[in-house]
Structure formats: C-alpha cells, structure tokens
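Not measured: the values here are computed from a predicted model. A, B, ... follow the sequence lines: proteins, then strands. Residue 1 opens every chain.
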Amino acid sequence: MIEEKKSLNFLEQIIEEDLANGLSKEKLRFRFPPEPNGYLHIGHAASICLNFGLGLKYNAPVNLRFDDTNPAKEEQEYVDSIKHDVSWLGFKWDQERYSSDYFQQLYDWTLELIKEGKAYVDNQTSEEMAIQKGTPTETGTNSPNRDRTVDENLDLFLKMKNGEFEEGSHVLRAKIDMKHVNMHMRDPIMYRILKKHHHRTGSDWCIYPMYDWTHGESDYIEQISHSICTLEFKSHRDLYDWYVEQVYDSTNLRPKQREFARRNLSYTVMSKRKLLQLVEEGVVNGWDDPRMPTISGLRRRGYTPQSIRNFSDTAGISKRDNITDVALLEHCIKDDLNKTAPRVMAVLNPVKVVITNYPEDKEEWLTAENNQEDENAGFRKVPFSREIYIEKEDFREEANKKFFRLKLGKEVRLKNAYIIKAESCVKDEKGAITEIYCTYDEDSRSGSGTEASKRKVKGTLHWVSIKHAEKAEVRVYDRLFTDEAPDGHKEKDFKEFINPDSLTVMNAFVEPSLKSAQNLDRFQFQRLGYFCVDKDATKNRLVFNRTVPLRDSWAKIEK
RNA sequence: UGACCCAUGGUGUAAUGGUAGCACUCCGGUUUUUGGUAUCGUCAGUCAAGGUUCGAAUCCUUGUGGGUCAACCA
C-alpha cells in the first residue's frame, strides 16, 4: 500500500512542531472569533474551515466565540445569523462563548495591573493622544498623565466604571513604551467609556475593553492553543503577547497567535464596509442577495456547504496576498451538484414546436432518468404531446455542420422522447421565428429498444410539453463586477465596475414535476445549468435562481 | 524615509539543501440520448543580481515589486 503523504500548510507545520516540542495533543484547542456586527462571507468561510478543520484533524475542540466588546455595533441578529451559517457549513462548536462573558475577569485583572503601575487613566482628548502617539517613522511622547499615582489611577478608573465621567472623557491605557517601534505598544487604550446597552450585559457596564486587551485574555481563559487570525493582526502580536504575559500562570497553556492571508475572490469585494454599501445603496437586494459573496447569499444562490468546504480546502492557506479565481468556486459547486442534483427539463427562452404527425389529443408520460451520475436517483415520468417548447437558440433555418441542433430538413433527438425533423417555420413581421413545424419518427421513442430509437443523431434537445408546462420565474445571475479586482484600483471607486447585467429575470416553462419543489431544492436544468428554488417562491409561483451555468463549449465554437 | 510580512505557470497552492508537482483556467483529442460529466493530452513557473554548496525555489547579501502598521473598530 502506498502511503500518500498530504502536505501540511504552514499552520499545521507550526502545530506539528509544537507537538514535537512537547505540547500534548489533548491541549490543542481552537476558536472562531467573529464580531457580531455583520454577515459572514466566503472569506470568513476560509477561516471557519481552517479552524474547524484543524479541530477535526486533531480531534480538538473548537469554540465559537463572539468578540462582542463594542456595544455600539453589535446585535443579536448577527449572532443568530453567524451561528446559522457555521452550522449550515456543517461544523459543530464545542462551546459558545462571548468575550463579554469575561468582562468581570478582565476588570479584576485590570485592577491588578493598575496596582502594579502598568496602567493609567488618561483624560486627554483623542486628538492630543494621537499626536503624542507619533507615526510609524517617528517615536511617540509620553502623556502628561502617565505618572499618576496608583491611588489616583484606581480612583479615576473606579469613577470611569461607575459612570461618573462622560463618554470620551477618560480612557485607561497600558503603560508600555511610547518610543516602541511598534505603534500598538505605545500605551494602547485598554478601556473606553461607552454608555450603551450591550446585547448581552445590558447596562451592567459603561466601560468596555478594547480588542487587544480582550482577545488574548479570552484565548487564555479558554486555553486556546493556537489563535489563528488574518495578517493585518500581525503587528498586534507583540501586544497580544504582552497582555497575556501580565496574567499568565505557568501551570496554564500560553496561547499563540499566528496569522494567515485572508482569502480574496475575483470579481467581487469582500470588505464588510463595501458589502454594506452595496446593500444600503440598493445595488443588491439585501445581504442574502444571490450575487453577494456572503454565506447567506451563496446559500440562496444554491451553493452547498460541501462545495464551500471543498473550495476552502482546495484554495489552501498561505501568507501571501491572493485573488482566487471565482472559477475555482464555480468548479466546486458544479462538481458537487453534478453528483447530487436531479436533472430536469426547463425552457428559459421558449419557441413553440408543433409535431404535425403526432395526434392532436394524444399525450404520453415518458420515462426519464433523474441523474445518470447517481444510480440510486431513479426515474420519473415526463409528459409529451403535440406542442412543445424548445429554446430559441436551438433552432436555425440553416446553419453549418457544427450546429448540432435543429435546422430545416434535419433531425435532432428530443431528450427522453422522439427524434424529430424540422419541416418549416413561421415568422412574424420582424422576421422572428414564432413557430416551428416538425414531424416525428414514431418508432424512435427513447428506451423503446427499437432500431429507430437507437439511431445516432448528433443533437439532443431539452423541451417541455406546452399543455403540461409550469410557468416559473428564473433569475439568471452573472458576476456582480466586470473587473477582476474591483477594489484594486487606486484611482477608481469599486462601484464603477458594477455589472449592470448581473441579474436577468426570465419567464420560463418547466416540467410539471417541479411544481412541488421546495425552498433551496437544487436541480440541473438539462443543458443549461444548476438552479435552486428561491425563498420568494410560493405555492402558486415558482421562482428559481441560477446557481451556475453548465460549461458551454458551443458558445466558444460560436465565437 | 522606520519596522514587519510576502514573492513558484494566467490563478490558487506543493516541494523546507537532492527529479519543480497538484488543482482551477485556457487549448486540443476520445466517449456521450446533456455541445454537461468522464477520460487522455498540450501550453505554461521558481522576481533580479551576487554569494555559500558537489548540488539552491529552499540558506546568506543586496536590490526590485507588493502588502501591513499612526480608530476611544475588530
């Protein structure tokens, strides 16, 4: 047996190294730490798949921790949607935690720090403090309040906590080093006054800890072995370590922050701010608009959890800036749906075909295979009659040999039905074809086993019987932006690249078996693509979203 | 005029001192009652220059290019 060794990404290598250096496997613990102030997107999915993937790989617990230290922006609604998205992706967290669970512990530790002379209250304006902070190339200068006595600091901090000061008037700062080369180490703010209602702690607090003071300590409290975040936090690592050092007890594990590059996707934007802009300005119809790269958008678009997980695994993890081709994501969903989606027939752009030698009042229910990629998928019945719809693009009066479809005097196979030959057509005053007259070969019924049924004809078309067809609204989506990196242009706003044709609504006809389709049911409309039922559908109105089209090599030949 | 991070085909990633591999995309062949799928194949890469070494994508130096860092955001 050949043991194929799968290569490790750089984070797994770090973990393996730690294990080799004596860290016991039981101590491995991870977390996914979203801030509940927005919806998750495909970039978050990369982080979710990474952290939960490590949990699965090492059989280690993974906490879902909401980083809720800013009551001004955070809401229960986001907590709910995040939990839904993570579950939908198929991951199970060990514990559901909130940074706000640790407010008291953080406060107690802060008192200790103040007593040790490692933190002080500053009541300058933010402008004054910003000036003293210096720049990346110039060192900072000390605050005039830096040398307050411990008693003074304790007293002022207590007053901050008790709500005796106005918002913005005082902050608590860690006393580190205003000349430090890393700006985050220049006496960072630990607490600010915010007299706001918190979604979990209500009005218990009017001081709230900042991210840096909270995150590492939360990791420490939960004993997270590897705290994985994106690269922009790299320079926070010094501070993360400094804070953890203040409370670290050597009988415990010291968490380790490591950073990876966030995942970018071509032809879209990923920042919460820009996504929000698209929603607020009505470019899209909400966070779950199927054109959005949000998890909820992808879900509504018809993406499966498995396809998103496959995408994350295939795209991998590294430390370099990247723009992953959206074609890879599309490949992953096609690959998944090809194996699982039932095939059905739908005509998006219909033209009427009359089969002149088929009896007026006859109808047949023909047998159709649900999915030839899945032998357990079974069969269904599809009605056939004298008048059917086919796609307009599937007929031409004349065409060259490369056109395998219907043309005058030539034959094609109707999928699961008969071979027909086009005899004539009718056009309106503008020259558009309105009706096609065909004859059929009665002996050629699919699956009948006759000689005629086995005849090789080059083209096979999908169709629906007019009198049995269901009407359906079909929403055909294209990429939201016309540029591969819409926010990668310094001189141009990303909205200049919005694709005006990202949504086309079509009035389609679908086979009757689709009448009972439920929200999120996924299908392959044969020869067209993968589609799923949209939440806008009702009992009396079918609505489908096109998830992704099938590969279309004919379109290429045509060019 | 700083510190730190990064640099492998068009894209995303492997190879951690010993044959530059995989996936996507593109292009072509075969099969096909989906111009789908499957399958076979083609094109295509180590940022540059030095150095160390029998041997460098890998180690060192210097460049070049890209990114990050100065919210009472996370």
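- Atom CD1 of A:I557 is separated from atom P of B:G29 by 9 Å (rounded to the nearest Å).
- Judged by distance alone with a 3.5 Å cut-off, a donor-acceptor contact links the side chain of A:E373 to the base of B:G36.
- For B:C27, the OP1/OP2 oxygens have a side-chain nitrogen or oxygen of A:K556 closer than 4.0 Å.
- In this structure, A:F384 and A:W463 have perpendicular ring planes: the angle between them is above 60°, well past the 30° mark.
- Residue A:N37 is out of contact with every strand shown, counting any heavy-atom pair closer than 4.0 Å.
- Using modelled atom types and a 3.5 Å distance limit, the side chains of A:E259 and A:Q257 yield a donor-acceptor pair.
- Closest to the A:N9 side chain, of the nucleotides B:A14, B:A70, B:G12, is B:A14.
- The pair A:R65-A:D101 fails the salt-bridge criterion, with no side-chain N (NZ, NE, NH1 or NH2) lying under 4.0 Å from an Asp/Glu carboxylate O.
- Listed nucleotides: B:C72, B:A70, B:U68. Nearest to the side chain of A:M183: B:A70.
- Distance from the side chain of A:R343 is smallest for B:G36 among the nucleotides B:A14, B:G36, B:C73.
- Of the nucleotides present, B:A38 is the one that pairs with B:U30 by Watson-Crick or G-U wobble criteria, both distances under 3.5 Å.
- A heavy-atom distance below 4.0 Å to RNA chain B is reached by these residues of residues 318-331 of chain A, ordered by number: A:S318, A:K319, A:R320, A:D321, A:N322, A:I323, A:T324, A:D325, A:A327, A:L328, A:H331.
- Summarising the base pairing, B:A23 is matched to B:U11 through a Watson-Crick or G-U wobble pair whose two defining distances lie under 3.5 Å.
- Side-chain to base pairing of A:R413 with B:U33: one donor and one acceptor N or O lie within less than 3.5 Å of each other.
- Sequence order on RNA chain B of the closest nucleotides to A:L550 and A:K458 puts A:K458 first from the 5' end.
- Phosphate proximity of B:U37 to A:R551: present, with a side-chain N or O under 4.0 Å from OP1 or OP2.
- At the heavy-atom level, A:Q526 lies under 4.0 Å from base atoms of the strands shown.
- With hydrogens and angles ignored, no donor-acceptor pair closer than 3.5 Å exists between the side chain of A:H184 and the base of B:A3.
- Residue contacts shown for A:Q124 include a base, since a base heavy atom lies under 4.0 Å away.
- Taking the six-membered ring where the residue is Trp, the centroids of A:F103 and A:H198 are separated by under 6.0 Å.
- Taking the ring centroids of A:F544 and A:F531, they lie at or beyond the 6.0 Å cut-off.
- Nucleic acid contact class of A:F311 (heavy atoms, under 4.0 Å, all strands): none.
- Classification of A:K339 and A:D335 as a salt-bridged pair holds, one side-chain N sitting under 4.0 Å from a carboxylate O.
- Phosphate proximity of B:G67 to A:K490: present, with a side-chain N or O under 4.0 Å from OP1 or OP2.
- Across all strands, A:N338 comes closer than 4.0 Å to base atoms (heavy-atom distances).
- Residues A:H489 and A:F497 bring their aromatic ring centres within 6.0 Å.
- Residue-level contact check: A:T314 touches the backbone only, with heavy atoms under 4.0 Å from sugar-phosphate atoms and none from bases.
- Among the atoms of the strands shown, none is found under 4.0 Å from any heavy atom of A:E167.
- Residue contacts shown for A:Q13 include a base, since a base heavy atom lies under 4.0 Å away.
- Residue A:R405 is in base contact, counting any heavy-atom pair closer than 4.0 Å across all strands shown.
- Looking at heavy-atom distances under 4.0 Å, A:Q524 makes contact with a base.
- Among B:A14, B:A74, B:C69, the nucleotide with an atom closest to any side-chain atom of A:D67 is B:A74.
- Of the options A:E77, A:K272, A:H44, a side-chain hydrogen bond (donor to acceptor under 3.5 Å, both in side chains) to A:Y39 is made by A:E77 and by none of the others.
- Within 4.0 Å (heavy atoms only), A:G447 reaches at least one base atom of the nucleic acid.
- Position along RNA chain B of the nearest nucleotide to A:W554 versus A:H215 favours A:W554 as the more 5'-ward residue.
- In summary, of the residues considered (A:H462, A:K381, A:Q526, A:R380), a side-chain hydrogen bond (donor to acceptor under 3.5 Å, both in side chains) with A:E511 occurs for A:R380 alone.
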